[in-house]
Number of protein chains: 2
Amino acid sequence: MAMEKTKETHPHTLGECTKSILPVRDALEVLSGKWKLPIIISLMFGNKRFSQIAKEVPGITDKMLSKELRELESNDLVKRTVYDSIPVVVEYSLTEYGHSLEIVIKTLRDWGVAHRKRMMVAE
Amino acid sequence: MAMEKTKETHPHTLGECTKSILPVRDALEVLSGKWKLPIIISLMFGNKRFSQIAKEVPGITDKMLSKELRELESNDLVKRTVYDSIPVVVEYSLTEYGHSLEIVIKTLRDWGVAHRKRMMVAE
DNA sequence: GTAAGTAGTATACAAAAGGATAGTGAAAAA
DNA sequence: TTTTTCACTATCCTTTTGTATACTACTTAC
């Protein structure tokens, strides 16, 4: 009798789920890590200089901040502007593309607020 | 004269931005990494067994899948059910709490789709 | 007897991420 | 004169993440 196991490998249904995973991975590639979103959030509250960001993102070191800013810049999410005053001042700002993350961050923050509440209840 | 540098350290304005960062960090603590969201997405398409998830999440190894599932389970996002059939079958499913991530994932996926489009244009 | 499927674990290693500390060089403030 | 600010960079170290390969133990199929 050997009822063939329905393999589900016909092109129609294959990857329905994978098709959802791929764009999320694309997003994660640009945003993942401990610091990128916090840095972006800090810049959503206004343009900032290096040391200002360092103060507002709790716990970040200069090395991490510098590295992450470079990556964000190379992905066109953050813009770096140098003013050749004395001493030199460097200003970081979100690009228009960077601002397109506002909705993502709002959603994640809302979930995070609920999550924290839940953890406190369960203590 | 010595105009005191306005320190901005009075409790009122301090941390307006930090207050946004903290819940996002809470969320990232539970969700960050390369694999957790892809695994959750795969489970949004239905309950799955270990090897099914392994097939649907491109590139994941048994070791990573096993490790990530344990973490997700300990955070109450995923439920593990053992059926003592022969051979033993283990089914993974999203908890109700896990389902609360649907909106987060949808937002991230939408951004990811737009991001991929953008990258292709810029080639 | 051999392979394949069930759900993983064990071991060893490489790579990436992150942390701690110190230093650069110029200028201004104490 | 020493310290502070500015925007970083350099070095070393630990932790986390990821890869590769092999193995367990049981059952069914070939």
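So that the names make sense, note that chain A is the first sequence line, chain B the second, and so on, each numbered from 1. Below, each value reflects all heavy atoms present in this structure, side chains not excepted, and no hydrogens, waters or symmetry copies.
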Side chain of A:K34, heavy atoms from C-beta onward: which of C:dA7, C:dG19, D:dA7 has the nearest atom to it?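 So the nucleotide nearest the side chain must be C:dG19.
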Closest to the A:F50 side chain: D:dT9, C:dT9, D:dC8?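 Nearest to the side chain of A:F50 among the choices is D:dC8.
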When the nearest nucleotide of DNA chain C is assigned to B:K55 and to B:K67 on a heavy-atom basis, which residue is associated with the more 5' position?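 Looking at DNA chain C, the more 5' nearest nucleotide goes with B:K55.
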On DNA chain C, nearest-nucleotide positions of B:V89 versus A:T61: which is more 5'?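 The residue whose closest nucleotide sits nearer the 5' end is B:V89.
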When the distance from CD of B:E73 to P of C:dG8 is rounded to whole Å, what number comes out?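 Result: 10 Å.
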Examine [N]: is either OP1 or OP2 under 4.0 Å from a nitrogen or oxygen in the side chain of [X]? Give yes or no.
X: B:S51; N: C:dT6; answer: yes
X: B:S66; N: C:dT9; answer: yes
X: B:W35; N: D:dT16; answer: no
X: B:R80; N: C:dG8; answer: yes

Okay, side chain of B:S20, backbone of B:C17: is any donor-acceptor separation there less than 3.5 Å?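 No.
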Testing the 3.5 Å rule here: is there a donor-acceptor pair between the side chains of B:E96 and B:H99?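 Their side chains do not contain a donor-acceptor pair, so the 3.5 Å distance test is not met.
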Touch class at under 4.0 angstrom, heavy-atom based, for A:Y92 against every strand present: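 The residue A:Y92 makes sugar-phosphate contact but no base contact.
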In terms of the angle between their ring planes, are B:W111 and A:Y97 parallel, tilted or perpendicular, with boundaries placed at 30° and 60°?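 Ring orientation of B:W111 relative to A:Y97: parallel.
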